[in-house]
Undergrad: 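Handing you a structure now.
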Amino acid sequence: MMMLEEVSKFYRGRRETLALSSVNLTVEDGQFVAVVGASGSGKSTLMNILGLLDRPSSGGYWIDGQDVARWSDARLAKLRNRTIGFVFQSFNLVPTLSARENVELPLVYRNMPPRERRVAAEHWLVRLGLEHRMEYRPSELSGGQQQRVALARALASNPKILLADEPTGNLDDTSTRDIMHIFEQLHGQGQTIVLITHDARFAAVADRIVALERGVLRPEAEAASHAN
Amino acid sequence: MRIDDLARQAWRPLWMYKMRTSLSLLGILIGVAAVIALITLMQSASASVGGRIQNLGSNLIVVTMNPLVQASNARHDLTYREASQLGRLPGIALAAPVDYETSVVSHGRRQSPATVYATTPALTSVLQYQLAYGRFLTALDVAQHLNVVLLGADTSLQLFGHTDPVGKTVMLDGEPDTVVGVLAAKGAFFSVNQDAVAIMPISTFRDWHHVPQVDSVYLRARDPGLLQTALGAVNRHLSRLLTGSNRYTILTQSQILTLTQEIAGLLTKVLVGVAAISIVVGGIGMLNVLLISVSERVREIGVRKSLGARRLDVLMQFLLEAVLVSFTGGLLGVAVGIGISVELTRALNLEMMLQPVVPVVALAASVVLGIVFGLYPAARASRLAPADALRFE
Ligand SMILES: Nc1ncnc2c1ncn2[C@@H]1O[C@H](COP(=O)(O)OP(=O)(O)O)[C@@H](O)[C@H]1O
Ligand SMILES: [Mg+2]
């Protein structure tokens, strides 16, 4: 279970921006939560904080009852590695590594022996229909294939939570439907998911929809009606 | 991270971005090669000069008569008989008075410029020449004022090729002289070719040139240990014989050696400075490449961190990349530097002197530079919050 309590995030730049304002959010295990909102409303900021990629300026964050807001960078890295899988809008594959090596990367940072992690990586690549693309580099793959590699990489570490920031933002309709279908399947198998999306059809697949508006998290009933 | 994985993650980008990798390799290579070639060249040159001075024997003493500055009644000259008598002083084995002249020796239409030594038979022993053909000068040649000459190896080669010229006649200062012997080659001493010489009896020389005094006296101490005794005796004898001050200068072989070593030492310092600069320039070239490489890859660093890489994992990866490049570059630089040294010393006709410590230190320096210059950009990039690194364009 993930719990944000009164989380705010300021960015100091040329102008000070309040990207998140006193956000309270609880995600139960097995839940599929969609986050919607206009561009610049703070969705990526929320995901970075949920994914331990950035720290809140104030407020508390608990994962399974542990107060992670004050953990050291090294401890957070380990927690990210074990519990969180990311999918980004721009795929974010390592360009010098093959599809298989990309999928193995979280397991490399977990010190898993090469043979075991190869098995895990190949399992997910096959499951996502990439059995003939395992040794391709990202530059040799289509957008939809790259996003499936990224998804395989997020899942290979067997994360408690899958965090996806507009995963279909750069994809055509066919690939978008593929990814949506995979998310539905994963949810059906009990995977906890937080999905950020612009796409109302995709958000509708979730158990629960929340909306961000200029850094404020809107009540869920309103959000649901907003998405429909 | 496992060590084999670390190596693989560091190696992959080096292999993928070959152009960038070659450029940084080249920077280090040039620096290291320059250092090794310069230092080897310097050491070979100074060893060779030192060796040639040593060849003269460590018991050589040269007394040079100073030119007369103003007319005076002071006694300032030495006759060649007086000069020869210096050989009887304690500690001295041999003494050879010498008059010099630069002239041209000719045979038929062939000519050869040569330093003419007008002297006594002792000179060839003092300077430790060996014979290639014929004989040295004898006391009889001097006593009878004979028109005979000993030729240096180069002089003989120019006039007679590889044939034995003993018994042939050469022209020197308009006078015919019979060749009685040829000296074995000795090589250059500084820029003075010791093989472009003609040695003739001082008595014969003085029949043509009416000079009152000898230019210098070459002395050989009996034993290097007796050098100080010999020097004292020569000084006392000459100051009794000659009135007036500052009439002569005494130089020993060890003084010449010290002087050349000082010059060589100074040159080495200058060259080591030049070498250090070139290694730093190579290092800065590499830093430049690494900085570009790291800033291009900030997003990748963010991705790796999002997958659970710790700061140390990122740091180690970039550090290992830098060390691989600088070590390989350094190794290639050592090979190229040694290659250049071999060619240069061959072209300059020097015996190559390469102390093993030179390539080892150059290689170590390039690796240290790799660590220093690799650590900085890597440390900077690894400190970014993953969210900031991921947003980097
Ligand atoms: N690193 C940053 N520095 C300064 N401002 C930022 C930074 N990241 C995001 N912002 C600002 O915070 C607000 C929310 O951004 P973001 O969370 O990326 O929104 P979204 O993902 O919903 O488009 C925006 O106004 C954005 O300009
Ligand atoms: Mg966003």
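Computed from a predicted model, the values in this text were never measured in an experiment. First the proteins, then the strands, lettered A, B, ... as listed; each starts at 1.
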Undergrad: Check whether A:Leu93 gets within reach of chain B through its side chain, its backbone, both or neither, counting any heavy atom under 4.5 Å.
TA: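 Neither the backbone nor the side chain of A:Leu93 comes within 4.5 Å of chain B.
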
Undergrad: Is any side-chain N of the basic residue among A:Arg117 and A:Glu122 closer than 4.0 Å to the acidic one's carboxylate O?
TA: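 No, this pair does not count.
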
Undergrad: Non-hydrogen atoms of chain B under 4.5 Å away: do they reach the side chain of A:Tyr11, the backbone, both or neither?
TA: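 Only the side chain of A:Tyr11 comes within 4.5 Å of chain B.
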
Undergrad: Counting only heavy atoms closer than 4.5 Å, note whether A:Arg153 contacts chain B via side chain, backbone, both or neither.
TA: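 Answer is side chain: those atoms of A:Arg153 sit under 4.5 Å from chain B.
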
Undergrad: Say you draw a straight line from CG of A:Asp29 to OG1 of A:Thr192; how long is it, rounded to the nearest 0.5 Å?
TA: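 Interatomic distance, A:Asp29 CG to A:Thr192 OG1, rounded to 0.5 Å: 5.0 Å.
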
Undergrad: In terms of heavy-atom pairs under 4.5 Å with chain B, which of A:Pro114, A:Pro95, A:Ala154 leads?
TA: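 Top count of heavy-atom pairs under 4.5 Å with chain B: A:Pro114.
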
Undergrad: Indicate yes or no: does A:Glu135 engage A:Arg100 in a salt bridge with an N to O separation below 4.0 Å.
TA: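 A salt bridge links A:Glu135 with A:Arg100.
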
Undergrad: Of the backbone (N, CA, C, O) and the side chain (C-beta and beyond), which part of B:Leu312 lies under 4.5 Å from a heavy atom of chain A, both, or neither?
TA: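 Looking at B:Leu312, nothing touches chain A.
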
Undergrad: Taking everything shown except B:Met316 itself, do over 12 heavy atoms lie less than 6.0 Å from its CE?
TA: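 Atom CE in B:Met316 is not crowded, with 12 or fewer foreign heavy atoms closer than 6.0 Å.
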
Undergrad: So which part of B:Arg304 gets closer than 4.5 Å to some heavy atom of chain A, the side chain, the backbone, both or neither?
TA: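 Both backbone and side chain.
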
Undergrad: Tell me, side chain or backbone of A:Val94 under 4.5 Å from chain B's heavy atoms, or both, or neither?
TA: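 Only the side chain of A:Val94 comes within 4.5 Å of chain B.
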
Undergrad: Between the side chains of A:Arg110 and A:Asn81, does any donor sit under 3.5 Å from an acceptor?
TA: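 The answer is yes; a qualifying pair exists.
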
Undergrad: Is it the side chain or the backbone of A:Pro159 that comes within 4.5 Å of chain B heavy atoms, both, or neither?
TA: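 For A:Pro159, there is no contact with chain B at all, as no heavy atom is under 4.5 Å.
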
Undergrad: Picking from A:Leu105, A:Ile49, A:Leu53, which has the most non-hydrogen pairs under 4.5 angstrom with chain B?
TA: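 Highest number of heavy-atom pairs under 4.5 Å: A:Leu53.
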
Undergrad: Kindly assign one of parallel, tilted or perpendicular to the pair A:Phe183 and A:Phe32, based on the angle between their ring planes and the thresholds 30° and 60°.
TA: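 Rings of A:Phe183 and A:Phe32: tilted, 30 to 60°.
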
Undergrad: Measure A:Met112 against the heavy atoms of chain B and call it side chain, backbone, both or neither at under 4.5 Å.
TA: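 For A:Met112, backbone heavy atoms alone lie under 4.5 Å from chain B.
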
Undergrad: Do the charged groups of A:Asp73 and A:Arg55 touch, with an N to O distance under 4.0 Å?
TA: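 Answer for the salt bridge query: yes.
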
Undergrad: Go through B:Arg297, B:Lys305, B:Arg311 and name the one with the most non-hydrogen pairs under 4.5 angstrom from chain A.
TA: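 Option with the top pair count is B:Lys305.
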
Undergrad: Using the ring of A:Trp71 (Phe, Tyr or Trp, six-membered ring only), decide whether A:Arg75 places NZ or CZ under 6.0 Å from its centre and within 45 degrees of its axis.
TA: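 Satisfied, under 6.0 Å and within 45°.
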
Undergrad: Side chain to side chain contact (heavy atoms under 4.5 Å, CB included) for A:Asp54 and A:Lys9? Distances and angles first, verdict last.
TA: CA-CA 10 Å; A:Asp54 211 347; A:Lys9 178 70 182 179; 3.4 Å; yes

Undergrad: Measuring heavy-atom distances to chain A, does B:Met1 have an atom under 4.5 Å in its side chain, in its backbone, in both, or in neither?
TA: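 The answer is both parts of B:Met1.
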
Undergrad: Mind checking which of residues 355-364 of chain B sit less than 4.5 Å from chain A, heavy atom to heavy atom?
TA: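 Within residues 355-364 of chain B, near chain A: nothing under 4.5 Å.
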
Undergrad: Ignoring hydrogens, what is the shortest heavy-atom contact between B:Ile28 and B:Ser326? Give both atom names and the distance.
TA: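 Closest approach of B:Ile28 to B:Ser326, heavy atoms only: CG2-O, 3.7 Å.
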
Undergrad: What I want to find out is whether A:Glu101 reaches B:Arg8 closely enough, with some N-O distance under 4.0 Å, to be called a salt bridge.
TA: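 Here A:Glu101 does not pair with B:Arg8 in a salt bridge, since their nearest N and O are not under 4.0 Å apart.
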
Undergrad: Can you tell which part of B:Arg299 gets under 4.5 Å to a heavy atom of chain A, answering side chain, backbone, both or neither?
TA: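 B:Arg299 touches chain A through side-chain heavy atoms alone.
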
Undergrad: Could B:Arg346 and B:Glu343 be called an ion pair, given the rule that one side-chain N must be under 4.0 Å from one carboxylate O?
TA: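 A salt bridge is present here (some side-chain N lies under 4.0 Å from a carboxylate O).
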
